[in-house]
Amino acid sequence: MGLLNTAKEQSALDQAKHAIEAGRHILVFKFIEAHTNSLVSGAMTGMNDQMEAIESLGWRLDKMSVCEGNVIGALGSKHGERVVIVCLYRRTPGPRQQRDETISGSTSWGSGKTSQ
């Protein structure tokens, strides 16, 4: 893995940890990747590493949106194509947190149903 991909993976991991420490239950994360050839299918290794880093902390991918476009510089020069992937992650509750929610009758994670 290249130095840039390692830095991106560490940044994703740090931001996912920060969201946990802040008590977040949802994380919306934007991945930006150079798109060198739109005619070839293949693995996006750097993207894989970033997404796996986030999921290693208990976040689970819930929804994803993808778009591509050109990056245009200040003087109109084309800087290349980019793929942007916006992912909505939800935090999986631990066993104690799940039990506490059931006892208190609060809404279950992601289901929209209230425990009775």
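We're numbering straight along the sequence, starting at 1.
Partners of Gln15 by side chain to side chain donor-acceptor pair (under 3.5 Å), not counting sequence neighbours, listed by chain and number: Ser11. Remark: Ile32 engages Lys30, Arg82, Val84 in a side-chain contact (heavy atoms from CB on, under 4.5 Å) (not counting sequence neighbours). Evaluation of the side-chain contact (heavy atoms from CB on, under 4.5 Å) rule for Ile26 yields Val28, Leu88, Arg90 as partners, not counting sequence neighbours. Partners of Asp14 according to the side chain to side chain donor-acceptor pair (under 3.5 Å) rule, which considers only residues two or more places apart in sequence or in another chain, are Gln10. Applying the side-chain contact (heavy atoms from CB on, under 4.5 Å) rule to Ile20 yields the partners Leu57, Trp59, Arg91; only residues at least two apart in sequence or on another chain are considered.
Closest non-hydrogen pair, Glu55 versus Leu61, comes out as OE2-N, 3.4 Å. Minimum interatomic distance between Cys87 and Phe31 (heavy atoms only, all atoms of both residues): SG-CE1, 3.6 Å.
Distance check: Glu33 CD to Gln50 CD gives 6.5 Å after rounding to the nearest 0.5 Å. In this structure, CD1 on Ile54 lies 10.0 Å from CD on Glu9, to the nearest 0.5 angstrom.
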